[in-house]
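This chain uses plain numbering: 1 for the first residue, then up along the sequence.
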Amino acid sequence: MKPTQQTTIFYPSPVTLIMLLFILLISPKVLSAQPASNNGEVLSIKSMLDSKEKSQQSLQPDEYDVPQDKYERGQPRSAMAGYLRAMRAGDLALATHYLDYRNLSEKTLSVGKEELARQLAVVLNRTLWVDLNSISARKEGRKNDNLPSYRELVGQVDYQGNTVDILLQRIPRATDKVRIWKISNATVEKIPRLFKRYSYSPLGEFLAKKLPSIDLFGVMLWQWLYFTLMILIYYLIAKAFTWLTAFSIKRVYHKVSEDVLRFIKEPVALLIAVIFARSFSDEANVTIAVRAVTEGSTLLIIAWSWVCFRFIDLMKIILAEKFIAQEKPLAVYLLRPAGTVIKIIIFSIASLNWLENLGFNASTLLAGLGIGGLAIALAAQKTIENIIGAITLYTSAPVKIGDFCRFGNSFGVVEEIGLRSTRIRTLERTVIYVANAKFIDMNIENYAEREKIVFRPKIFLAPSTSKENIESLLVAIRAMFNSTDMIAASPLRSHFKAYTIYGLELDILAYVKTTDFDVYLDEINQLNLNILALLNEHDCKVQVMAERVAE
């Protein structure tokens, strides 16, 4: 088989290597950012959902004498939950009922009650995940917390190297002096300074005020739109960068294939765009919820998976042409199932990593899969052995489809090498299916790989044949071989070999220069006739077995 001309040529250009190295170096840094809640634990999607579910279940008062209040401010937890609900709904007027505006400075009051409520929500969204379960559900608040009995700590916010307490305070209700809980005026007084430090960017502020207050996983609608727009912008930048890279590689390496260039311009472009978006996004618009969502690394995992899948496809093309050039076409059939298995492994690893990033315990799932996988592995042991046997047959290629071979004590033509068994057509035209694991352990004699076919007739002369007749016969046979074009010049034998019970044994050996069995049969037919004529010419009688037995 002649090697086909390769069409896909892959050159690892320095630009490509530097680009991939940069991606590998920056990806761990991008993945390392982990949002934390107010108790220092890592915040994830799962912890957010669990916290929200638990808080919904525990908002009922623990005591029957909790003051009745239209806005559910009789206990610290329900008061804070009411404020968060109002801000989630975008009802600033309702949110003002949960802030204590007494004894504030004129500068703070000039900001406006509703704006102060909104600014506090921005500060909390950016700095503090409020876990309602950590806030007391008792009407008096938490005791023994090193705070005055009329105050409850919600959390702490970092401000210029110091921590600022976000407090709830128990105050008399204006109408009837019943004591209720509101966000402390000491905290409200600090809102303008905190907002100056943690406010959104001008574009973020504009979008937050103009778009509806709709959230998904705690991320507001305007944030979803904003970061989607950023991804698109970075994708266009990455497309331009990868297009220039591909263009440069094409100019330097003229024979580089289009598959390599598409790999750079498509999956690599998306990966670079995601990394840029995660690395260079405007921190002013990133909230705790946004960090929790991005901690899932959904887009990054998708981008990396796409890069790996396309790289596997690219390597399949390159290896297929390499195998064909090495006259191993059967190995090409192995590339597709091998690529599928590798893709399944990559997909499994990416899925488990994604679940782990979201906060789910992937080790429990792995333990279950491990037990089930062990059972499946034991049940599929023979199947795995046969698949490994198929890999051996494809790669080492002791036989190919269409080869005539001897395996064990049988002969036949190989018709198919499957993942489980090899199908062989025998000389009787029946079909034998041999398991690959057994087939590779057999002694396989491949007749199709002969470069010439041996001619070795067994001739026994009668013991009464004279020495002179035998010598002249051997010389004549050797001369006949030398004059025949289809007989190889070496090795060539024509000798008196031994005395046997069957007669005087001649050692005659020659090789017919063909691999076509039909041509071989035609040639040895003529050789046998010529030898028969020489036997008669030199008066050499062939010893027949029946005669010897009769004697």
Engineer: For Ile180, which of Gln75, Glu72, Arg173 qualifies under side-chain contact (heavy atoms from CB on, under 4.5 Å)?
Structural biologist: Arg173
Engineer: Please step through side-chain contact (heavy atoms from CB on, under 4.5 Å) for the pair Val154 and Leu167, ending with a clear verdict.
Structural biologist: CA-CA 6 Å; Val154 176; Leu167 301 169; over 6 Å; no
Engineer: Check for a donor-acceptor pair, side chain of Tyr83 on one end and backbone N or O of Ala117 on the other, with a separation under 3.5 Å.
Structural biologist: yes
Engineer: Using the rule given for salt bridge (charged side-chain N to carboxylate O under 4.0 Å, His left out), can you reason through Lys143 versus Glu152, listing the C-alpha separation, both sets of side-chain angles and the distance that settles it, and then say yes or no?
Structural biologist: CA-CA 9 Å; Lys143 298 180 180 179; Glu152 179 79 10; over 6 Å; no
Engineer: Looking at every heavy atom in both Ile312 and Gly339, which two are closest together, and how far apart are they?
Structural biologist: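 Heavy atoms only, the tightest pair is CG2-CA, 4.0 Å.
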Engineer: Should the pair Lys190 and Tyr159 be classed as cation-pi, given the thresholds of under 6.0 Å to the six-membered ring centre and 45° from the axis?
Structural biologist: no
Engineer: Kindly say whether Tyr98 contributes a backbone atom to a donor-acceptor pair with the side chain of Trp181 at under 3.5 angstrom?
Structural biologist: no
Engineer: What heavy-atom pair brings Leu99 and Lys182 nearest, and what distance separates the two atoms?
Structural biologist: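 Here Leu99 and Lys182 meet closest at O-CD, 3.5 Å.
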Engineer: Over 60° means perpendicular and under 30° means parallel, so tell me whether Phe276 and Tyr234 are parallel, tilted or perpendicular.
Structural biologist: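 If you compare the ring of Phe276 with that of Tyr234, the planes turn out perpendicular.
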Engineer: Of the non-hydrogen atoms in Leu104 and Asn185, which two are nearest, and what is the gap between them?
Structural biologist: CD2-O, 3.5 Å
Engineer: Report yes or no: do Gln169 and Ser184 form a side-chain donor-acceptor pair below 3.5 Å?
Structural biologist: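 Indeed, the side chains of Gln169 and Ser184 share at least one donor-acceptor pair under 3.5 Å.
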Engineer: Compare every heavy atom of Lys265 with every heavy atom of Trp243, then report the nearest pair and how far apart it is.
Structural biologist: CD1-CD, 3.9 Å
Engineer: Provide the closest heavy-atom pair for Leu168 versus Pro76 in the form atom of the first, atom of the second, distance.
Structural biologist: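 Distance-wise, the nearest heavy atoms are CD1-O, 3.5 Å.
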Engineer: Between Thr245 (side chain only) and Phe241 (backbone N and O only), is there a donor and an acceptor less than 3.5 Å apart?
Structural biologist: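 Yes; at least one donor-acceptor contact below 3.5 Å.
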Engineer: Is Arg73 reaching over with its side chain to a backbone N or O of His97, donor-acceptor style, under 3.5 angstrom?
Structural biologist: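 Yes; at least one donor-acceptor contact below 3.5 Å.
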Engineer: Begin with the C-alpha distance, continue with both residues' side-chain angles, and end with the deciding distance and a verdict on side-chain contact (heavy atoms from CB on, under 4.5 Å) for Lys250 and Glu258.
Structural biologist: CA-CA 9 Å; Lys250 183 68 174 179; Glu258 289 298 324; 4.1 Å; yes
Engineer: Just verifying a value: how many Å separate Tyr235 OH and Ile237 CD1, rounded to the nearest 0.5 Å?
Structural biologist: 13.0 Å
Engineer: Going by heavy atoms in the side chains, are Ile166 and Val157 under 4.5 Å from each other?
Structural biologist: yes
Engineer: Side-chain contact test, heavy atoms from C-beta onward, threshold under 4.5 Å: evaluate it for Asp100 versus Ile183 and give yes or no.
Structural biologist: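 No, every pair of side-chain atoms sits at 4.5 Å or beyond.
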Engineer: Backbone N or O of Ile349 within a donor-acceptor pair of the Asn353 side chain at under 3.5 Å?
Structural biologist: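 Looks like no, no N/O pair under 3.5 Å.
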Engineer: Which atom names give the shortest non-hydrogen contact between Arg118 and Phe195, and what distance separates them?
Structural biologist: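 Closest pair (atom of Arg118, atom of Phe195, distance): NH2-CZ, 3.7 Å.
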Engineer: Would you please indicate if the ring centroids of Trp222 and Tyr200 are separated by under 6.0 Å?
Structural biologist: yes
Engineer: Just wondering, are more than 12 heavy atoms of other shown residues or ligands nearer than 6.0 Å to CZ in Arg420?
Structural biologist: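 Atom CZ in Arg420 is not packed in, count stays at 12 or less.
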Engineer: Enter the distance from Tyr198:OH to Leu124:CG here, rounded to the nearest 0.5 Å.
Structural biologist: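 So the OH of Tyr198 and the CG of Leu124 are separated by 11.5 Å.
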Engineer: First locate atom CD1 of Ile191, then atom CD of Gln119, and finally report the distance between them rounded to the nearest 0.5 Å.
Structural biologist: 7.5 Å
Engineer: Between Leu225 and Leu211, does the side-chain contact (heavy atoms from CB on, under 4.5 Å) criterion hold? Intermediate values first, please.
Structural biologist: CA-CA 10 Å; Leu225 296 176; Leu211 294 179; 3.6 Å; yes
Engineer: Is there a donor-acceptor contact under 3.5 Å linking the side chains of Ser105 and Thr108?
Structural biologist: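 The answer is yes; a qualifying pair exists.
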Engineer: Could you measure the distance from the CG atom of Leu232 to the NZ atom of Lys239? Nearest 0.5 Å is fine.
Structural biologist: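 The NZ atom of Lys239 is 13.0 Å from CG of Leu232, to the nearest 0.5 Å.
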Engineer: Just wondering, do Met220 and Trp224 contact through their side chains at under 4.5 Å, heavy atoms?
Structural biologist: no
Engineer: So do Ile135 and Val130 actually touch side chain to side chain, heavy atoms under 4.5 Å?
Structural biologist: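 SC-SC contact between Val130 and Ile135 confirmed.
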Engineer: With rounding to the nearest 0.5 Å, note down the distance linking CG in Asn162 to CD in Gln156.
Structural biologist: 11.0 Å
Engineer: State whether Asp313 and Lys343 are salt-bridged, where the test is any N-O pair (Lys NZ or Arg NE/NH1/NH2 against Asp/Glu carboxylate O) under 4.0 Å.
Structural biologist: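 The answer is yes: the pair qualifies as a salt bridge.
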Engineer: Begin from the C-alpha positions of Leu300 and Leu271 and carry the test side-chain contact (heavy atoms from CB on, under 4.5 Å) through to its verdict.
Structural biologist: CA-CA 7 Å; Leu300 186 62; Leu271 179 59; 3.9 Å; yes
Engineer: Verify the neighbour count for atom NZ of Lys316: are there more than 12 heavy atoms of other residues, nucleotides or ligands below 6.0 Å?
Structural biologist: yes
Engineer: Side-chain contact test, heavy atoms from C-beta onward, threshold under 4.5 Å: evaluate it for Asp158 versus Thr127 and give yes or no.
Structural biologist: no
Engineer: In Å, rounded to the nearest 0.5 Å, how long is the span from CG of Leu229 to CG of Leu203?
Structural biologist: 8.0 Å
Engineer: Can you check whether Leu132's main-chain N or O pairs, donor with acceptor, with Arg77's side chain at less than 3.5 Å?
Structural biologist: yes
Engineer: Verify, without hydrogens or angle tests, whether Tyr71 (side chain) and Gly82 (backbone) share a donor-acceptor contact under 3.5 angstrom.
Structural biologist: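 Judged by distance alone, no pair lies under 3.5 Å.
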Engineer: Keeping Glu266 on the side-chain end and Phe263 on the backbone end, is there a donor-acceptor pair under 3.5 Å?
Structural biologist: no
